[in-house]
Amino acid sequence: MNDRPAGAGGIGRGVGARPVRTGADITASTAVRYALVPVPRLSLAAVARRSGLHPDLIRRFVALGLVDAERDSAGRLVFDPTAPAVLARIQRLRTGLCLNYASIGLVLDLLDRISLLEAALRGRGTRSETPPWT
C-alpha cells in the first residue's frame with residue numbers, strides 16, 4: 001500500500017492545489033487527497049445576482065457567520081457554489097418564521113445537527129418516522 005497522498009509525485013497537483021477532505025478522511029485523518037481540478041468559486045457579485053440579495057446584506061451574513069466565505073489573493077470574498085442555496089434558506093427562515101438573524105444562526109445549526117443524526121440513522125438502517133425538517 002502506498003503511504004503517499006493521492007496525486008503525490010506531481011500527478012494531479014497544480015500550483016495552489018488544496019487537500020480535499022472526504023468522508024473517509026474524518027475517520028482516517030492521515031489520508032489526504034488532492035483535487036484534480038480547482039473547486040469553482042463564486043464572487044460576491046455572482047452570489048448577489050443569483051440570490052437576488054444586495055451585496056451589503058451578504059457581507060453582513062458573512063460577518064454574522066451565517067454564510068461561509070473565504071478571501072482570494074486580492075482580498076475579495078469568494079463563496080462555494082452552494083452559497084445561493086444557503087442564502088435562500090436564510091431568507092425563507094427570516095420571512096416564513098419571522099426570526100432575527102441571531103436566531104437564524106441557531107436554527108441553522110440545529111437543522112444541520114438534525115441532518116447529521118438522520119444520516120447516521122439511515123446509515124444504521126433505522127428510519128425515523130417523521131420526514132426531515134428541511
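Quick caveat: nothing in here was measured; it's all calculated off a predicted structure. These numbers come from the heavy atoms of this one structure, side chains and all, not from hydrogens, waters or symmetry mates.
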Gap separating the [atom1] atom of [X] from the [atom2] atom of [Y], nearest 0.5 angstrom:
{"X": "L57", "Y": "L64", "atom1": "CG", "atom2": "CG", "value": "9.5 Å"}
{"X": "E70", "Y": "L77", "atom1": "CD", "atom2": "CG", "value": "10.0 Å"}
{"X": "R89", "Y": "L111", "atom1": "CZ", "atom2": "CG", "value": "5.0 Å"}
{"X": "I104", "Y": "Q91", "atom1": "CD1", "atom2": "CD", "value": "7.5 Å"}

Is atom CG of D112 surrounded by more than 12 heavy atoms (other residues, nucleotides or ligands) closer than 6.0 Å? yes
Do D80 side-chain atoms and T82 backbone N/O form a donor-acceptor pair below 3.5 Å? no
Backbone N/O of L99 and side chain of R94: donor-acceptor pair under 3.5 Å: yes
I'd like to check [X] versus [Y] (side-chain heavy atoms, cut-off strictly below 4.5 Å). Are they in contact?
{"X": "L108", "Y": "L93", "answer": "yes"}
{"X": "L97", "Y": "S103", "answer": "no"}
{"X": "I58", "Y": "L87", "answer": "yes"}

Pairs where residues 43-101 contributes a residue and the test ring pair (Phe, Tyr, Trp, His ring centres under 6.0 Å) is met, not counting sequence neighbours: F61-Y101
For L42 versus P81, what's the shortest heavy-atom pair and its separation? CD1-CA, 3.7 Å
Mind listing the closest non-hydrogen atom pair of V67 and I90 along with its distance? CG2-CD1, 3.8 Å
Contacts of type salt bridge (charged side-chain N to carboxylate O under 4.0 Å, His left out), residue R59, not counting sequence neighbours: D56
